[in-house]
Engineer: 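Take a look at the following structure, please.
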Number of protein chains: 2
Amino acid sequence: MANETVKIPQATAKRLPLYYRFLKNLHSSGKQRVSSAELSEAVKVDSATIRRDFSYFGALGKKGYGYNVNYLLSFFRKTLDQDELTKVALIGVGNLGTAFLHYNFLKNNNTKIEVAFDVDEGKVGKTIGEVPIFHMDDMDKQIVAADIQVAILTVPAPVAQPITDRLVQANVKGILNFTPARLNVPAAIRVHHIDLAVELQSLVYFLKHYPTETEE
Amino acid sequence: MANETVKIPQATAKRLPLYYRFLKNLHSSGKQRVSSAELSEAVKVDSATIRRDFSYFGALGKKGYGYNVNYLLSFFRKTLDQDELTKVALIGVGNLGTAFLHYNFLKNNNTKIEVAFDVDEGKVGKTIGEVPIFHMDDMDKQIVAADIQVAILTVPAPVAQPITDRLVQANVKGILNFTPARLNVPAAIRVHHIDLAVELQSLVYFLKHYPTETEE
DNA sequence: TAAACTTTGTACTATTTTTCACAAAATCAC
DNA sequence: GTGATTTTGTGAAAAATAGTACAAAGTTTA
Ligand SMILES: NC(=O)c1ccc[n+]([C@@H]2O[C@H](COP(=O)([O-])OP(=O)(O)OC[C@H]3O[C@@H](n4cnc5c(N)ncnc54)[C@H](O)[C@@H]3O)[C@@H](O)[C@H]2O)c1
Ligand SMILES: NC(=O)c1ccc[n+]([C@@H]2O[C@H](COP(=O)([O-])OP(=O)(O)OC[C@H]3O[C@@H](n4cnc5c(N)ncnc54)[C@H](O)[C@@H]3O)[C@@H](O)[C@H]2O)c1
């Protein structure tokens with residue numbers, strides 16, 4: 001299933017969805033060609049970094065011309081597997097979880113939240129943004145049955161680890177963790193932490209301690 | 001206002017709030033001492049990295065013993081300015097914005113969302129999580145009056161840039177941007193992007209292309 | 001067609017971040 | 001008190017990421 005000859009650097013891999021989204025915008029505004037300099041201005045990544053990122057996939061551009069938007073777009077669509085739908089489960093339909101269900105990442109992505117789970121009887125049985133909410137007792141069975149490999153975790157921190165253990169057991173391979181808990185998982189499972197409180201605090205730290213610097 | 005002799009690496013600065021939060025947990029569970037190895041296990045950061053991070057602030061530990069939890073905690077409280085409250089404004093009380101208002105980052109932080117703004121007349125005048133919601137027309141004046149320096153941006157992408165320009169004009173120094181738009185700001189303004197759709201997509205990319213690797 | 005211009009792809013360099021590995025200093029056990 | 005054990009703090013190496021600068025290859029203009 002890994003179909004690159006050479007491993008793409010992680011930093012590059014994290015920028016690919018960003019490039020892809022901007023290319024879609026260009027495409028729908030009818031643009032035919034684009035240079036690394038234009039892309040750079042739009043996504044705020046150095047143009048040499050963009051050219052290097054692209055070069056991992058071969059010579060996608062043309063000297064003196066730039067990149068063909070359609071070609072690049074269809075190339076990245078394949079690379080980012082935009083043609084297959086990745087099914088996602090959401091655990092914990094609270095403040096954050098509800099926001100994600102309403103949004104559902106469909107506008108830009110190849111991902112779809114198919115089911116949600118919660119312990120709250122007032123929520124179980126309801127539907128938010130067309131996503132049905134089931135009880136946690138049914139989670140393991142349903143995730144296995146639907147062959148869901150990605151989960152978004154928006155539960156209270158104290159229950160994050162035990163639920164994670166169940167997710168791993170149910171064959172989930174990737175977890176987007178919004179709880180402050182740092183999860184223990186086998187090496188083959190990928191966890192991305194998005195720690196909103198830490199993000200806010202580190203922004204404040206930078207403001208106070210690096211008054212006139214630029215970054216990210 | 002910058003009170004470090006030596007500049008702390010950015011990567012270190014981003015981990016500080018994480019350390020601080022775990023130290024608070026240790027403290028409230030009555031623990032007196034902690035080693036870099038224990039911290040490492042808990043926050044999932046290599047122990048050498050933790051020792052190096054701490055060492056930028058001087059010799060905070062004791063050989064053969066580890067770190068004194070109370071000492072470390074009070075040191076980081078000062079360093080992270082936990083004693084001053086940083087006032088935050090939230091722009092865009094939609095799905096995400098509402099979730100943040102309910103949460104309000106008070107449990108862990110020195111930050112508080114003091115005011116929110118929206119154009120929706122149905123929301124203006126209401127209060128969510130004790131935060132009053134005002135109309136966008138009043139934003140500039142209120143932010144200046146309250147001397148708010150940090151803003152959370154949860155508005156639709158197309159209006160992100162013009163609102164950002166107004167925020168900069170109103171003397172905001174840091175923006176936590178949840179919209180997909182990449183913002184143009186003067187060099188002195190700090191923007192942290194949290195791009196949830198990109199996070200989900202890059203997780204999926206890693207799953208498909210780096211099947212058994214570990215990271216982050 | 002030719003000269004001027006544009007823009008890629010990458011060799012090379014720089015910077016940042018992480019990790020190894022170990023002497024030094026302290027604790028701990030008895 | 002002494003030797004075994006623990007654990008820090010850091011020099012040095014490694015790895016990862018970013019950026020400079022330019023030859024090469026194309027496009028555009030006239
Ligand atoms: N809301 C925010 O802005 C915000 C910001 C930073 C971090 N977080 C973190 O995100 C997580 C969710 O935050 P939230 O504000 O949505 O919380 P919330 O309390 O609104 O929602 C949690 C949901 O999880 C459900 N739940 C509780 N125990 C469960 C269990 N054992 N199994 C399944 N579901 C269970 C609850 O019924 C509730 O619906 C928390 O860990 C929080 O620390 C939230
Ligand atoms: N909700 C999510 O899960 C999610 C995920 C990824 C990205 N995002 C991004 O976060 C942003 C907010 O998402 P959301 O789901 O909360 O959207 P939303 O539509 O629910 O909320 C947007 C809010 O902004 C207000 N608004 C519109 N124009 C405004 C203006 N000119 N000034 C002030 N307020 C204005 C609207 O009244 C609304 O309350 C969007 O840019 C979205 O792309 C959201």
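A, B, ... follow the sequence lines: proteins, then strands. Residue 1 opens every chain.
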Engineer: Given dT19(C), is OP1 or OP2 found less than 4.0 Å from the side-chain N or O atoms of Thr49(B)?
Structural biologist: yes
Engineer: So which one's nearest nucleotide on DNA chain D is more toward 5', Gly64(A) or Gly64(B)?
Structural biologist: Gly64(B)
Engineer: Between Glu84(B) and Lys208(A), does any NZ, NE, NH1 or NH2 come within less than 4.0 Å of an OD or OE carboxylate oxygen?
Structural biologist: yes
Engineer: Going by heavy atoms in the side chains, are Val43(A) and Arg15(A) under 4.5 Å from each other?
Structural biologist: no
Engineer: Taking the six-membered ring for Trp, are the ring centroids of Tyr67(B) and Phe75(B) within less than 6.0 Å of each other?
Structural biologist: no
Engineer: Taking the six-membered ring for Trp, are Tyr103(A) and Phe105(A) closer than 6.0 Å centroid to centroid?
Structural biologist: yes
Engineer: Looking at Lys31(B) and Glu38(B), is there a salt bridge between them, counting it only when a charged N and a carboxylate O are closer than 4.0 Å?
Structural biologist: yes
Engineer: Provide the start and end nucleotides, 5' to 3', of the part of DNA chain D that has atoms under 4.0 Å from heavy atoms of chain A.
Structural biologist: dT17(D) to dT28(D)
Engineer: Taking the ring centre of each residue, are Phe178(B) and His193(B) less than 6.0 Å apart?
Structural biologist: no
Engineer: Expressed as a whole number of angstroms, how long is the span from Arg52(A):CZ to dT13(C):P?
Structural biologist: 13 Å
Engineer: How do Arg33(B) and Phe54(A) order along DNA chain C: which one's closest nucleotide is nearer the 5' end?
Structural biologist: Phe54(A)
Engineer: Distance check needed: dT19(C) C1' versus Asp46(B) CG, whole Å only.
Structural biologist: 6 Å
Engineer: Is the phosphate of dA21(C) approached by Arg51(B) (side-chain N or O, under 4.0 Å from OP1 or OP2)?
Structural biologist: no
Engineer: Give a yes/no answer on whether the side chain of Ser36(A) brings an N or O atom under 4.0 Å of OP1 or OP2 in dT7(C).
Structural biologist: no
Engineer: May I ask you to say what Ala59(B) touches in the nucleic acid, namely base, sugar-phosphate or nothing, with a heavy-atom cut-off under 4.0 Å?
Structural biologist: sugar-phosphate
Engineer: Taking only the side-chain heavy atoms of Lys63(A) (C-beta and beyond), determine which of dT8(C), dT17(C), dC20(C) contains the nearest atom.
Structural biologist: dT8(C)
Engineer: Expressed in angstrom and rounded to an integer, what is the separation of Asn68(A) atom CG from dT7(C) atom C1'?
Structural biologist: 15 Å
Engineer: Given atom CD of Gln10(B) and atom C1' of dT15(C), what is their separation to the nearest angstrom?
Structural biologist: 12 Å
Engineer: Given atom NZ of Lys14(B) and atom C1' of dT17(C), what is their separation to the nearest angstrom?
Structural biologist: 12 Å
Engineer: Looking across every strand, which nucleic acid part, if any, lies under 4.0 Å from Tyr67(A) by heavy atom: base, sugar-phosphate, or nothing?
Structural biologist: sugar-phosphate
Engineer: Please state how far atom CG in Asp53(B) lies from atom C1' in dT17(C), giving the value in whole angstrom units.
Structural biologist: 10 Å
Engineer: Would a 4.5 Å heavy-atom cut-off, applied to side chains only, mark His102(A) and Ile128(A) as touching?
Structural biologist: yes
Engineer: From the list dT19(C), dT8(C), dG9(C), which nucleotide is the closest neighbour of the side chain of Ser35(A)?
Structural biologist: dT8(C)
